[in-house]
K.L.:
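Attaching a single structure in structure tokens format; questions to follow.
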Amino acid sequence: MGAVPTFGSTVFDCPDPAALAGFYRAVLDWPEPAVRAGGSWARLVNPTGGARLEFQQVADYRAPEWPSASLPQQAHLDLDVDDLEAAHTRVLSLGAKLLDDSPSTFRVYADPVGHPFCLCAC
């Protein structure tokens with residue numbers, strides 16, 4: 001690897017790493033997460049390779065507000081889908097909350113602890 005880094009993971013702050021990892025595991029249909037003893041960290045490994053999703057426990061977690069300048073989102077995931085309507089129904093059934101459905105090619109959601117993510121049929 002040398003001096004050039006590779007992209008390893010995106011890490012989310014949250015109150016319950018196992019629960020949030022379980023949500024994204026279900027959304028992405030990935031294998032069960034590995035949860036560190038004590039539950040302070042969880043890791044989802046992409047079964048096709050590539051970057052991981054990881055979740056770290058934060059005692060005084062405050063969810064971002066969308067859209068907001070006082071508690072900005074700072075980052076979000078774009079998840080590509082072929083069937084926006086079917087994916088919409090699926091993520092809502094898994095616990096996502098719809099934030100914005102006005103664009104025609106993507107929709108904005110919040111995960112169960114408030115992180116924004118998009119389903120994109122762009």
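Start at 1 with the first residue, then count along the sequence.
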K.L.:
Taking the basic N atoms (NZ, or NE/NH1/NH2) and the acidic carboxylate oxygens, is any pair closer than 4.0 Å for Glu85 and Arg107?
P.N.:
yes
K.L.:
Of Leu84, Leu79, Leu77, Asp80, which meets side-chain contact (heavy atoms from CB on, under 4.5 Å) against Cys120?
P.N.:
Asp80
K.L.:
So which heavy atom on Ala87 is nearest to which on Val81, and how close?
P.N.:
CB-CG1, 3.6 Å
K.L.:
Would you name the heavy atoms of Asn46 and Gly50 that are closest together and state the gap between them?
P.N.:
CB-O, 4.3 Å
K.L.:
Before giving the answer on side chain to side chain contact (heavy atoms under 4.5 Å, CB included), spell out for Val113 and Phe12 the whole-Å C-alpha distance, their side-chain angles and the decisive distance to 0.1 Å.
P.N.:
CA-CA 10 Å; Val113 299; Phe12 290 93; over 6 Å; no
K.L.:
To the nearest 0.5 angstrom, please state how far the CG atom of Leu92 sits from the CG atom of Leu119.
P.N.:
8.5 Å
K.L.:
If you take all heavy atoms of Val108 and Cys118, which pair is closest and at what distance?
P.N.:
CG2-SG, 3.8 Å
K.L.:
Enter the distance from Leu99:CG to His76:NE2 here, rounded to the nearest 0.5 Å.
P.N.:
11.0 Å
K.L.:
Check the surroundings of atom CG in Asp78: do more than 12 heavy atoms from other residues, nucleotides or ligands lie under 6.0 Å from it?
P.N.:
yes
K.L.:
Look at the side chain of Arg36 and the backbone N and O of Gln56, then say whether any donor-acceptor pair between them is shorter than 3.5 Å.
P.N.:
no
K.L.:
Using modelled atom types only, decide if a donor and an acceptor are shared between the side chain of Arg90 and the backbone of Val27 within a distance under 3.5 Å.
P.N.:
yes
K.L.:
Students often mix this up, so state it plainly: with edges at 30° and 60°, are the rings of Tyr61 and His115 parallel, tilted or perpendicular?
P.N.:
tilted
K.L.:
Please name the pair of heavy atoms, one in Phe23 and one in Gly95, separated by the smallest distance, quoted to 0.1 Å.
P.N.:
CE1-C, 4.0 Å
K.L.:
Taking all non-hydrogen atoms of both residues into account, name the closest pair between Val45 and Pro31 and its distance.
P.N.:
O-CD, 3.9 Å
K.L.:
Determine whether Pro17 and Leu20 make a side-chain contact, defined as any pair of heavy atoms from C-beta on separated by less than 4.5 Å.
P.N.:
no
K.L.:
Between Leu98 and Phe106, is there a shared hydrophobic cluster once you connect ILVMFWY residues whose side-chain heavy atoms come closer than 4.5 Å?
P.N.:
no
K.L.:
Using side chain to side chain contact (heavy atoms under 4.5 Å, CB included), reason through Phe117 and Asp111 one step at a time and then give a plain yes or no.
P.N.:
CA-CA 7 Å; Phe117 70 94; Asp111 68 24; 4.2 Å; yes
K.L.:
Could you walk me through whether Leu53 and Leu28 satisfy the side chain to side chain contact (heavy atoms under 4.5 Å, CB included) test, starting with their C-alpha distance in whole Å, then the side-chain angles of each, then the deciding distance to 0.1 Å, before giving a yes or no?
P.N.:
CA-CA 11 Å; Leu53 292 179; Leu28 297 166; 3.8 Å; yes
K.L.:
Let's go through Phe55 and Leu44 carefully: what are the C-alpha distance in whole Å and the side-chain angles of both, what is the deciding distance for side chain to side chain contact (heavy atoms under 4.5 Å, CB included) to 0.1 Å, and is it a yes or a no?
P.N.:
CA-CA 9 Å; Phe55 308 86; Leu44 280 176; 4.0 Å; yes
K.L.:
I need the minimum non-hydrogen distance between Gly114 and Pro64, along with the two atoms involved.
P.N.:
O-CG, 3.6 Å
K.L.:
Can a side-chain donor-acceptor contact be found between Gln57 and Trp41 if the only test is distance below 3.5 angstrom?
P.N.:
no
K.L.:
Tell me, please, which residues at least two apart from His88 pass ring-ring contact (aromatic ring centres under 6.0 Å, His included).
P.N.:
Tyr109
K.L.:
Output yes when a side-chain donor or acceptor of Ser68 lies under 3.5 Å from a complementary backbone atom of Ser70, and no otherwise.
P.N.:
yes
